[in-house]
Participant: 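Just dropping this structure here.
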Amino acid sequence: MSSQPDWVTYIAQMEQILALELDDARRAELLTQFNRIAAMAEPLMALPLDDRLEVAGVFHP
């Protein structure tokens with residue numbers, strides 16, 4: 001991933017969609033957590049995958 005998502009806008013949109021009223025402290029904590037999650041996921045997202053690799057396994061009973 002080359003650019004960071006706009007977490008502030010995302011949080012505001014989710015507040016509206018989910019009909020939530022968050023205070024500034026809660027918004028700030030969510031922003032911190034989203035940034036932490038993005039930082040943890042960055043090395044995994046940067047891992048190159050073989051084009052022939054299946055995206056998801058298929059269960060066959």
Side-chain angles (χ1 to χ4, degrees):
M1 289 181 101
S2 59
S3 64
Q4 274 288 70
D6 183 358
W7 295 121
V8 174
T9 301
Y10 177 79
I11 292 168
Q13 289 173 343
M14 289 300 107
E15 263 187 277
Q16 289 179 353
I17 290 170
L18 298 172
L20 296 174
E21 291 184 28
L22 302 176
D23 60 14
D24 290 340
R26 183 66 59 133
R27 281 187 207 98
E29 185 59 30
L30 281 170
L31 183 58
T32 299
Q33 294 300 332
F34 280 128
N35 284 316
R36 285 179 182 160
I37 293 166
M40 287 188 290
E42 193 172 330
L44 181 61
M45 297 302 290
L47 183 69
L49 296 177
D50 186 351
D51 289 338
R52 296 173 291 167
L53 191 64
E54 283 191 42
V55 175
V58 178
F59 176 74
H60 298 283

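All residue numbers refer to positions in the sequence shown, counting from 1.
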Participant: Could I get the full list of salt bridge (charged side-chain N to carboxylate O under 4.0 Å, His left out) partners for E29, not counting sequence neighbours?
Facilitator: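 Here no residue qualifies.
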Participant: Could you check if a side-chain atom of R36 sits within less than 4.5 angstrom of a side-chain atom of Q33, using non-hydrogen atoms only?
Facilitator: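 Yes; the side chains approach each other to less than 4.5 Å.
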Participant: Please output the side-chain donor-acceptor pairs of residues 7-14 that fall under 3.5 Å, not counting sequence neighbours, one pair per line with the distance.
Facilitator:
{"unit_1": "T9", "atom_1": "OG1", "unit_2": "D6", "atom_2": "OD1", "d": "3.4"}
{"unit_1": "T9", "atom_1": "OG1", "unit_2": "D6", "atom_2": "OD2", "d": "2.5"}

Participant: Kindly write out the residues that satisfy salt bridge (charged side-chain N to carboxylate O under 4.0 Å, His left out) with D24, not counting sequence neighbours, or none if the list is empty.
Facilitator: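 Here the qualifying residues are R27.
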Participant: Using side-chain hydrogen bond (donor to acceptor under 3.5 Å, both in side chains) as the criterion, list what pairs up with R26, not counting sequence neighbours.
Facilitator: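 In terms of side-chain hydrogen bond (donor to acceptor under 3.5 Å, both in side chains), with neighbours along the sequence ignored, R26 is linked to no residue.
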Participant: Test: ring-ring contact (aromatic ring centres under 6.0 Å, His included). Region: residues 35-61. Which pairs qualify, not counting sequence neighbours?
Facilitator: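 Non-adjacent pairs meeting ring-ring contact (aromatic ring centres under 6.0 Å, His included): zero.
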Participant: Please enumerate all residues that pass side chain to side chain contact (heavy atoms under 4.5 Å, CB included) together with D50, with sequence neighbours excluded.
Facilitator: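 D50 satisfies side chain to side chain contact (heavy atoms under 4.5 Å, CB included) with R52, L53 only.
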Participant: Starting from M40, walk the hydrophobic network (Ile, Leu, Val, Met, Phe, Trp, Tyr; side-chain heavy atoms closer than 4.5 Å) and list everyone else you reach, by chain and number.
Facilitator: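 I37, listed by chain and number.
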Participant: Hydrophobic clusters here meaning ILVMFWY residues chained together by side-chain heavy-atom distances under 4.5 Å, can you tell me if F34 and L44 are in one?
Facilitator: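 Each belongs to a different hydrophobic cluster.
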